[in-house]
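Reading through the structure tokens given below for one structure.
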Amino acid sequence: MLVQFKMKNVLSFKEETIFDMTAISAYKEHVSNLIDIDTKEKFLRVAAIYGANASGKSNFVWALQLFRRIVSQSLNNVDDGAESVLKKCSKPFSFEENKGNSEFEIVQILRDEEYQYGFEYNSEKIVMEWLYRKSLKTNRKVTIFERTMQKVNLGVYVRKKCEAYKDQIPPETLLLSFFNKLKLKTDIFKTVYSGITDVLVFMSDDYEDTRFLDALLPKVIDGKKEKLLEFLTAIDIGIKDITYKEKETLFFTFHKGADGELYPLNLYDESEGTIKSIMLFIHAHMAIINDYVLVMDELNVKLHPLLLKFFIDLFYDNNSMAQLIYTTHDTTLMDKKLFRRDQIWFVQKDELGHSELCALSDFKVRSDASFEKDYLAGVYGGIPFLKEFSLKEGE
């Protein structure tokens, strides 16, 4: 479960930026929107991020993807001559001559413990890296490791198990990624590594990539076809059945004709909204069943507002700790009847190109305020500043 994500000097987020899924205890509305794990703090199931075009919304999602990619790939191509993942994923703020290092940090609750993991890096090496663990029962925090370019300090919990390996870690490889690959008498590195890779991140372009459906839809049809059809019936798009030809990777949906018979249609001849809906079912099912974090850019694209709400509501499941974080332009759901003030976030960019992230809870919001109306009026920022313009010549 995601508690907090922090970044600095990544893409358009030049200054330290903190995104927090911790619920504000003073807010009493929409208790069902929260995850309660019997601790002092509760956590948000869903968060929406709004902002103008080019404000940095997609950069927030991209930053999470870069972080996840570095963790999962930093050990993959050491010494094979290929471009390192650090080189590929070093994206410091562009509009300055001195680029500087970038920094990521994530706080997650995994197996009844809170883990704080992060690193500072550039295109050549890991500059710093750290991992701490806090007991949710005793609130006691311990150091698992702290790493600089000069040395690695291993905490008591892992020192005996890892001491012999610490000098073997290449400068462009994360210690977490390195120790995750070893067979050790501790599962702490695998726990944290898995927690990060279980954050599923999708950019808006990913919805156009049919390779995802080609790879996963056969398994869904074989194992969860009834649930998929139940979902497609619930969103009223007319699909009565779905099959596939294994060797050709062809998918067919079936619609009922006026004569009561079912007629096949190639899946990729369906509307883009229908194809995206099937993708969303797979994403949501995977997240909710496994308590994953699902991060989606431009979730509203090609979806009717009611279908968007239907999808979001899937994550208000008391039997799951899955979380949904999404960016959107659609303000129809920006309503206090649906969302808490700490669930709504805004991204805006200043005149120097710096993106800033803030929550609706950072503002003094009247009890009778209309979130959508005030947002479109510019009260919270995160909207485009439009000037007069005419396509006619000479005007």
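These numbers come from a predicted model, not from an experiment.
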Can you tell whether the side chains of Lys8 and Glu103 come within less than 4.0 Å, N to carboxylate O?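 Salt bridge between Lys8 and Glu103, a charged N being under 4.0 Å from a carboxylate O: no.
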Could you tell me whether Arg211 and Asp209 have a side-chain N and a carboxylate O separated by less than 4.0 Å?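 Counted as a salt bridge, because a side-chain N and a carboxylate O are separated by less than 4.0 Å.
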Between [X] and [Y], does any side-chain donor sit less than 3.5 Å from a side-chain acceptor?
X      : Y      : answer
Asp330 : Tyr326 : no
Ser355 : Ser12  : yes
Tyr117 : Glu129 : yes
Thr197 : Ser72  : no
His255 : Glu270 : yes

Verify, without hydrogens or angle tests, whether [X] (side chain) and [Y] (backbone) share a donor-acceptor contact under 3.5 angstrom.
X      : Y      : result
Arg68  : Val199 : yes
Asp20  : Thr22  : yes
Thr331 : Met334 : no
Glu298 : Thr328 : no
Asp187 : Lys190 : no

With sequence neighbours left out, write down each residue that passes side-chain hydrogen bond (donor to acceptor under 3.5 Å, both in side chains) with Asn101, or none if nothing qualifies.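 In terms of side-chain hydrogen bond (donor to acceptor under 3.5 Å, both in side chains), with neighbours along the sequence ignored, Asn101 is linked to Glu120, Asn122.
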Are [X] and [Y] close enough that some pair of their side-chain heavy atoms sits under 4.5 Å apart?
X      : Y      : result
Asn318 : Arg45  : yes
Phe95  : Leu352 : no
Glu124 : Glu172 : no
Arg111 : Thr191 : yes

State yes or no: are the ring centers of Trp345 and Phe19 separated by less than 6.0 Å?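 Close enough - the centres of the two rings lie under 6.0 Å apart.
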Counting the benzene-type ring for Trp, do Phe93 and His354 have ring centres under 6.0 Å apart?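 Close enough - the centres of the two rings lie under 6.0 Å apart.
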Please determine if Lys161 forms a cation-pi arrangement with Tyr165, meaning its NZ or CZ atom is less than 6.0 Å from the six-membered ring centre and no more than 45° off the ring axis.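 No cation-pi geometry.
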Any cation-pi pair here, Lys141 with Tyr132, using under 6.0 Å and within 45°?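 Output yes; distance and angle both within limits.
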For the pair [X] and [Y], name the ring-plane relationship: parallel under 30°, tilted 30 to 60°, perpendicular over 60°.
X      : Y      : answer
Phe119 : Phe104 : perpendicular
Phe346 : Tyr50  : tilted
Phe189 : Phe179 : tilted

In one Ile/Leu/Val/Met/Phe/Trp/Tyr side-chain cluster, 4.5 Å: Val3, Leu64: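 In one cluster: no.
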So which atom in Ala63 and which in Met7 form the shortest heavy-atom distance, rounded to 0.1 Å?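 It is CB-SD, 3.3 Å.
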List the atom of Ser135, the atom of Glu113, and the distance in Å for their closest heavy-atom pair.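 Between these two residues, the closest heavy atoms are CA-OE1, 3.3 Å.
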Go through the steps for Phe212 and His283 under the test ring-ring contact (aromatic ring centres under 6.0 Å, His included), then give the verdict. CA-CA 10 Å; Phe212 175 84; His283 295 327; 4.6 Å; yes
Name all pairs fulfilling the salt bridge (Lys or Arg N to Asp or Glu O under 4.0 Å) condition that reach into residues 271-285, sequence neighbours left out, sorted by first residue then second.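 Residue pairs with at least one partner in residues 271-285: Glu272-Lys302.
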